[in-house]
There are 4 protein chains.
Amino acid sequence: MAKLKSNQKREQIFHAGLKLFAENGYSKTTINDIAREAGVSFGTVFTYYENKAALFRACVTEPLDEFRQYMLTANEELESITLQKLKNLVGQHIDFFMEKEHYLRVIQYVIGQPYRFDEMEVLDEFADEFRSFIQHIVKTGMDKGILPASSPEEVSYGYLAFLMGMRLSFTDQARAHQTNAFKNQALRLFGL
Amino acid sequence: MAKLKSNQKREQIFHAGLKLFAENGYSKTTINDIAREAGVSFGTVFTYYENKAALFRACVTEPLDEFRQYMLTANEELESITLQKLKNLVGQHIDFFMEKEHYLRVIQYVIGQPYRFDEMEVLDEFADEFRSFIQHIVKTGMDKGILPASSPEEVSYGYLAFLMGMRLSFTDQARAHQTNAFKNQALRLFGL
Amino acid sequence: MAKLKSNQKREQIFHAGLKLFAENGYSKTTINDIAREAGVSFGTVFTYYENKAALFRACVTEPLDEFRQYMLTANEELESITLQKLKNLVGQHIDFFMEKEHYLRVIQYVIGQPYRFDEMEVLDEFADEFRSFIQHIVKTGMDKGILPASSPEEVSYGYLAFLMGMRLSFTDQARAHQTNAFKNQALRLFGL
Amino acid sequence: MAKLKSNQKREQIFHAGLKLFAENGYSKTTINDIAREAGVSFGTVFTYYENKAALFRACVTEPLDEFRQYMLTANEELESITLQKLKNLVGQHIDFFMEKEHYLRVIQYVIGQPYRFDEMEVLDEFADEFRSFIQHIVKTGMDKGILPASSPEEVSYGYLAFLMGMRLSFTDQARAHQTNAFKNQALRLFGL
DNA sequence: TATGAATGAGCATTCATTCAT
DNA sequence: CATGAATGAATGCTCATTCAT
């Protein structure tokens, strides 16, 4: 019970941090801001996270697993891939990048300052994983005759760049037709 | 002569600011860092820029004109566009985005925190201009039979997103084969 | 208990500020000086006062109420005024102005730079109140035959000027005979 | 000729300093402000005054001589003093204090912070001279039967205090009836 | 656990002063 | 002489972090 309560506060703080780091960057965001956004006293922040850097690290690295899960689920279904399934997968990626606004802003913030944040390493690893996954898809797709001849590596680089850049194009909520535009364009990167 | 000397220092400071804002963001970058990087005393920074925010604003907005120039030169040659010319143009864009590492990082930093920085407005305008330019190319290309049927708007959104995201993929110097990968992928966004 | 402790520190800071602003003026007095004089760290000053200007404003305006109280108590007893009571009143004023050295220096500092400090307004109001009070005394005194014919307004202006100027005459502690000199002279302003 | 030109600039700077020191105090007044007010470049200020402190010292001490002259002229005529002459003298003092607004504000600024400014000494000396002069008048006046019995010392202290305090009562230009009020009240301090 | 008062390192900025032109 | 670019000491203020309650 107490544990639940604690976890609840931890999560409030976590999400407050994620939101504010995303909106204002690391230095501009104060522990006080986070505490206020989370609805706790700022002393409480230090009860759950050793310091500001630790909270930031949590914000950058903890969501990665869910991300990994979500992005890579399809890996197993790859044997039975069809054109429609591939289109769905790409659509899911786009939707996912559109939804996770705060997290993606934080990620881009870190990637944009690679010498500044140690968390960069973890993100580099994830990018490698993701590109490998895409390369696997392209190869399988070509083998099955679903995709035209392509360089799997080139597609993987281009596709990840595209997904990241997409997120930079929106201030406000992404509108549906823009999402569709991105889905269509993304397919072109696969030669479709 | 004295004027030249002044402008020289102003430029040293400008470039130091651009580099450090790109690498460490706005808040983490101190006037002292900038002065040291520029090889002047920190008081001198205030001789040329009213305050830190003004220097940042200069770093974000001043290069835009050169950018505009560089990106849009081709506009006039559009009448006589050929497939090869279009490929060259895309190649130039990629090369340009690869070269201007510091400036693009700063741009992305601002775009990533749109509520924080007023400079966002100017960047939004530029993005609109750039997309219009791309749409013009796509229409002309389709008219001339160079490009397959496409939605000019979709291409323009996708292409800009791609260019922006590309820049997020590199910490170190872009290696040639990656640049080529990006060029090829970029052409796919035009249906090529 | 904790509340008391807080108020105690606030008061220490307040008195340190009052003393140092009186002795060295606003700009010359640093937050550090005040903190040292108050026996707290300088960060603590900002726990109790939003900034230097707010502390100064407090030093200028907060004592006014006590002042008002002290100076005007006699108002009610005015019905039964006698020559002796009036002499006592004037004596009290003199003593009061002699005692409140720091506060009066701060007041004069503000009055001397009326365009610089917004606090001037509040002091102008108080001066008006005080002169009204004196005019009332003079009128009552003349009605009762205690005071010779006088212009109440002239007396009120002269008396306030005299009280203010008096405070400018001392660096060190006012010696008794000087205090007496002032009391006698003050009475002359009332025609006594 | 060159000398004249120089002296003219020196005076411009001097009066600019006097005005600004009077209005904003020592620390708040910048060399730049003074230069702008004087219509010269700020470097020029250092051509005529070694540094800011030296200019301030000049502003405090140099006018004293004229002051001394003006205030004490009457000394010689004291043999043939009459009631009318004494009234005229007091009137002149009041007028003089009313006119020299800037200088008197500076004086009071220094007197109000006696531990801060070395110039205080010179002012103390002048105050002594002035009080001696007043005491002389009172004695002579009593001898000649012009003035009622008074303590010359008390009168001198009260009168100087009154003159100083008077100057604190005005923000704007003194209006005539206030000046008269002060003249009348001043005479009361002499027992008139 | 939760709180927030106390602390002081760190930073932007101001401004007197120097000195080359 | 006049100028103003260059300098860096000094200062107000912010904010992460500690710790007593």
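Chain naming here is simple, since letters A, B, ... match the order of the sequence lines and numbering starts at 1 in each. Small disclaimer: the values here were computed from a predicted structure and weren't measured.
- Shown here are the salt bridge (charged side-chain N to carboxylate O under 4.0 Å, His left out) partners of C:Arg116, two or more places apart in sequence or in another chain: there are none.
- The A:Phe46 side chain lies nearest to F:dT18 when the options are F:dG12, F:dT18, E:dA12.
- With the 3.5 Å cutoff on both pairing distances, Watson-Crick and G-U pairs in DNA chain E assemble into runs of at least 3 at E:2-21 with F:2-21.
- Contacts between residues 51-58 of chain B and DNA chain F, counted as heavy-atom distances below 4.0 Å, involve no residue at all.
- With DNA chain F read from its 5' end, the first of the two nearest nucleotides for B:Thr47 and D:Val45 is the one closest to D:Val45.
- Nearest nucleotide to the D:Tyr48 side chain, out of F:dC1, F:dT7, E:dT1: F:dC1.
- Near DNA chain E, meaning a heavy atom under 4.0 Å from it, residues 23-44 of chain A has A:Ser41, A:Phe42, A:Gly43, A:Thr44 in order of number.
- Checked against a 6.0 Å centroid threshold, the rings of B:Tyr48 and B:Phe14 do not count as neighbours.
- Taking the charged nitrogens against the carboxylate oxygens, B:Glu50 and B:Arg57 have no contact shorter than 4.0 Å, which rules out a salt bridge.
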- Query: Is there a ring-ring contact (aromatic ring centres under 6.0 Å, His included) between B:Tyr26 and B:Phe21 once you walk through the steps?
  - Reply: CA-CA 5 Å; B:Tyr26 182 78; B:Phe21 286 138; 5.7 Å; yes
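- Partners of D:Asn32 according to the side chain to side chain contact (heavy atoms under 4.5 Å, CB included) rule, which considers only residues two or more places apart in sequence or in another chain, are D:Thr30, D:Arg36, D:Phe42.
- More than 12 heavy-atom neighbours from other residues, nucleotides or ligands sit within 6.0 angstrom of CD on C:Glu62.
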- Message: Is there a ring-ring contact (aromatic ring centres under 6.0 Å, His included) between D:Phe117 and D:Phe56? Walk through the geometry before answering.
- Response: CA-CA 10 Å; D:Phe117 295 106; D:Phe56 186 71; 5.0 Å; yes
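- Residue pairs that meet the side chain to side chain donor-acceptor pair (under 3.5 Å) test with at least one member in residues 13-23 of chain B, sequence neighbours left out, are B:Lys19-B:Glu37.
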